[in-house]
Amino acid sequence: METQQIRKENDNSLEELYEYISSASNDGFQYINFQNGYSIISPKWKQLFEINDEENRYEQIVAEKICNEDRQKFLDKMQIIESHQETSYEIEYRIHEGRTWISHTGTNRYDENGEIIEKFSFFRDISELKEKQLELEYMAYFDNETGVYNRNYFVKRLERAVGKIPNSYNKVQVLYLDIDNYNIINDSVGFVLGDELIIKFAKMLNEYVTHTLKVGRFNNDEFAIAFYDAENDDSALQLYKDIIKKLEKPIELSDGSKVYVSVSAGIASYPSGGKTAVDLIRCADIAMYNVKQHGKNGMFVFEENMLKKFMKNVKLEQKLKTAVDTLGFMLYYQPQYFSEKKELRGVEALIRWQLANGEYISPGEFIPMAEKNGCIVNIGTWVIKHALADYAVWRREYGYEGIISINISAIQLREKNFKDTLLHYVEINNLSPEHIEIEITESVLIEDFESTISILEELRNRGFKVSLDDFGTGYSSLSYLRDIPIDTLKIDKSFVDTILLDDSTSIITDAVITMVKKLGLETIAEGVETEEQFEYLKNMHCDNIQGFLLGKPMPGEKLIELIMEENKRKLERTRYV
Ligand code: C2E
Ligand code: CA
Ligand code: CA
């Protein structure tokens, strides 16, 4: 092995040792003795620095080999060494345009006057180590799927930005984004393409990144954007508008499918929407959550009252989990009438929840909550159990022969024990399924069409009736009515409300009823409040009417009175015929 050595004066055993180190070491090695001029540069060092000529030209190496980014750091360190502030040092820098990382350690020896005597330097290639380190750092800072900041790092950076108010920064804002119905999209395209969609979405957001605008991923399909130093109060809003403009075009996936994506968004600004990073994110999230509750696909700016409402909801949600056990629920029943004869067709069971303080919480408020946290299954079972027990009493003891309608949430319907639970209560109450109607909404069909259809078919084969609730809201499409196994269609109150006011609604309602009849389905108009509406719907041959005009939801005891009156009326009618 070739070892370059310049010998000036006296040879000694130490020098032999250095030569040995120089040739045997895996690290690059340099030694200079300033007193006798002896120096040694190992072949490994030359290899590392890719130096062929015999000379070790310090300035050239600094200028040509050390990376621009690290050069000043290196020079500063050498300055410190030369001023004798440190005798041993360690510095890391990149050479060869960053291809190689060097760990450079050195020790200088000085005499009592501060004159340098000897200089030892070791150079180690730490590129692999650095790569691993960078990888670890990357994992610590970035979401490895999308490459945007991960949650922790996003929060940390935002904390730093908030800390710079008001000196360096003055407006910090957070825009929180959540892809609408991501689960449905994921179910329909499969998880691989679902992931791809997220990655493409993140990539689009990443294009907005500057040194004061950063993107972070919070949950699967939830992202936050931080403005460390927003230009004005509308910066986040403008960005939101820009994003939805981009989303007007579908996201194209690698299988060629095009997916239209909408987002729900919330904005919080310092200080009204939080004085810390965590609070800002939370408030933006709460504002986003409000959008979700108002039908998704929109944006809210955080306001104080949202926090109050949110806290109230959190408390309610906790109470909801125990309401089944604490007997907080009860059932009301609303009558449905045949429109021709105005006789009782059936009753719909509607759940009521009363808190310990007497306050009633509307099912419109707590059912979606229960669906979200999963306790809808327990609540739904409670409803089936009590509604069927009540119904059995009406039949057995009061001669009631009408129908009982029970609202079934999508989650409950798809729960694997649903059918068995239902059959169990039908059996123990000695009932027959023909009198029991399951009310489902269209959302049930949208999420998992095929499997829902088969569940509904099975129920109908068993003899249950199936009713499609709230027709006319949301996705209503006449074309699919043919394909779904239902017996009854409930025309939503929003339709009923406008039929007398709005020509187009009455034309549509008329068409719906005509077509539904052709399909052999029974119709029920919901939310009928006036005599005019009643007459109008009756003339359109809508089979049944439900609404405050004919009867509000009432407790079981009241319904029994109503049944008895009905019986009396029937009896009188037969007597006079
Ligand atoms: P829904 O199934 O569409 O029930 C009809 C709602 O309209 C009921 O509200 C009823 O009280 C109300 N209503 C009936 N007639 C009129 C009227 O003439 N005018 C007005 N303004 N309203 C009328 P409620 O009881 O507050 O229930 C709201 C929703 O909560 C129900 O809508 C249903 O989706 C859900 N829900 C109620 N009970 C249950 C249940 O046991 N299980 C499930 N999964 N959902 C339930
Ligand atoms: Ca209903
Ligand atoms: Ca309804």
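Just follow the structure's listing: the first ligand is 1, and inside any ligand the first atom is 1. Because only heavy atoms are used, hydrogens play no part in the values below, and waters and symmetry mates are left out as well, while side chains stay in.
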Quick one about [Y] and [X] (side-chain donor to acceptor, distance below 3.5 Å, no hydrogens or angles considered), yes or no?
{"X": "Thr441", "Y": "Asp470", "value": "no"}
{"X": "Asn378", "Y": "Lys321", "value": "no"}
{"X": "Asp178", "Y": "Ser264", "value": "no"}

Under 4.0 Å from any heavy atom of [X], which atoms of ligand 1 are there?
{"X": "Asn407", "value": "2 (O), 39 (C), 40 (C), 42 (N), 43 (C), 44 (N), 45 (N), 46 (C)"}
{"X": "Glu529", "value": "17 (C), 18 (O), 19 (N), 20 (C), 21 (N)"}
{"X": "Gly547", "value": "15 (N), 18 (O)"}
{"X": "Pro553", "value": "11 (O)"}

Problem - Verdict with reasoning, Glu222 to Tyr176, per side chain to side chain donor-acceptor pair (under 3.5 Å) - result: CA-CA 7 Å; Glu222 289 178 35; Tyr176 202 96; 2.6 Å; yes
Handout entry: Lys/Arg N to Asp/Glu carboxylate O, Glu526 vs Lys493, below 4.0 Å
Key = no
With a cut-off of 3.0 Å, does [X] put an N/O/S atom close enough to the Ca ion (ligand 2)?
{"X": "Asn407", "answer": "yes"}
{"X": "Glu439", "answer": "yes"}
{"X": "Asp469", "answer": "yes"}

Proximity to ligand 1 by part of [X], non-hydrogen separation under 4.0 Å:
{"X": "Gln334", "answer": "side chain"}
{"X": "Lys493", "answer": "side chain"}
{"X": "Leu331", "answer": "neither"}
{"X": "Ser409", "answer": "both"}
{"X": "Val383", "answer": "side chain"}

Problem - Lys465 and its salt bridge (Lys or Arg N to Asp or Glu O under 4.0 Å) partner, picked from Glu522, Glu439, Glu434 - result: Glu522
For ligand 1, is there an N or O atom under 3.5 Å from any N or O atom of [X]?
{"X": "Asp470", "result": "yes"}
{"X": "Ile376", "result": "no"}
{"X": "Ile351", "result": "yes"}
{"X": "Asp469", "result": "yes"}

Practice task
Would you tell me which option among Pro363, Gly551, Ala387, Ala349 has the nearest heavy-atom contact to atom 30 (O) of ligand 1?
Solution key: Pro363
Problem - Option of least heavy-atom distance to atom 25 (O) of ligand 1 (set: His386, Glu348, Arg352, Lys490) - result: Arg352
How about [X] and [Y]: are their ring centres within less than 6.0 Å of each other?
{"X": "Phe471", "Y": "Phe495", "value": "no"}
{"X": "Phe223", "Y": "Phe218", "value": "no"}
{"X": "Trp353", "Y": "Tyr360", "value": "no"}

Exercise for the section: Using a cut-off of 6.0 Å, state whether more than 12 heavy atoms not belonging to Glu450 lie near its atom CD. Expected result: no
Handout entry: Of the N, O or S atoms in Glu348, the one nearest the Ca ion (ligand 2)
Key =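 Output for this pair reads OE2.
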Practice task
Measure the acute angle between the ring planes of Tyr333 and Trp394, then classify it against the limits of 30° and 60° as parallel, tilted or perpendicular.
Solution key: perpendicular
Exercise for the section: Check if Gly527 has a non-hydrogen atom at a distance under 4.0 Å from any atom of ligand 1. Expected result: yes
Practice task
Sequence neighbours left out, what passes ring pair (Phe, Tyr, Trp, His ring centres under 6.0 Å) with Phe300? Give chain and number order.
Solution key: His294
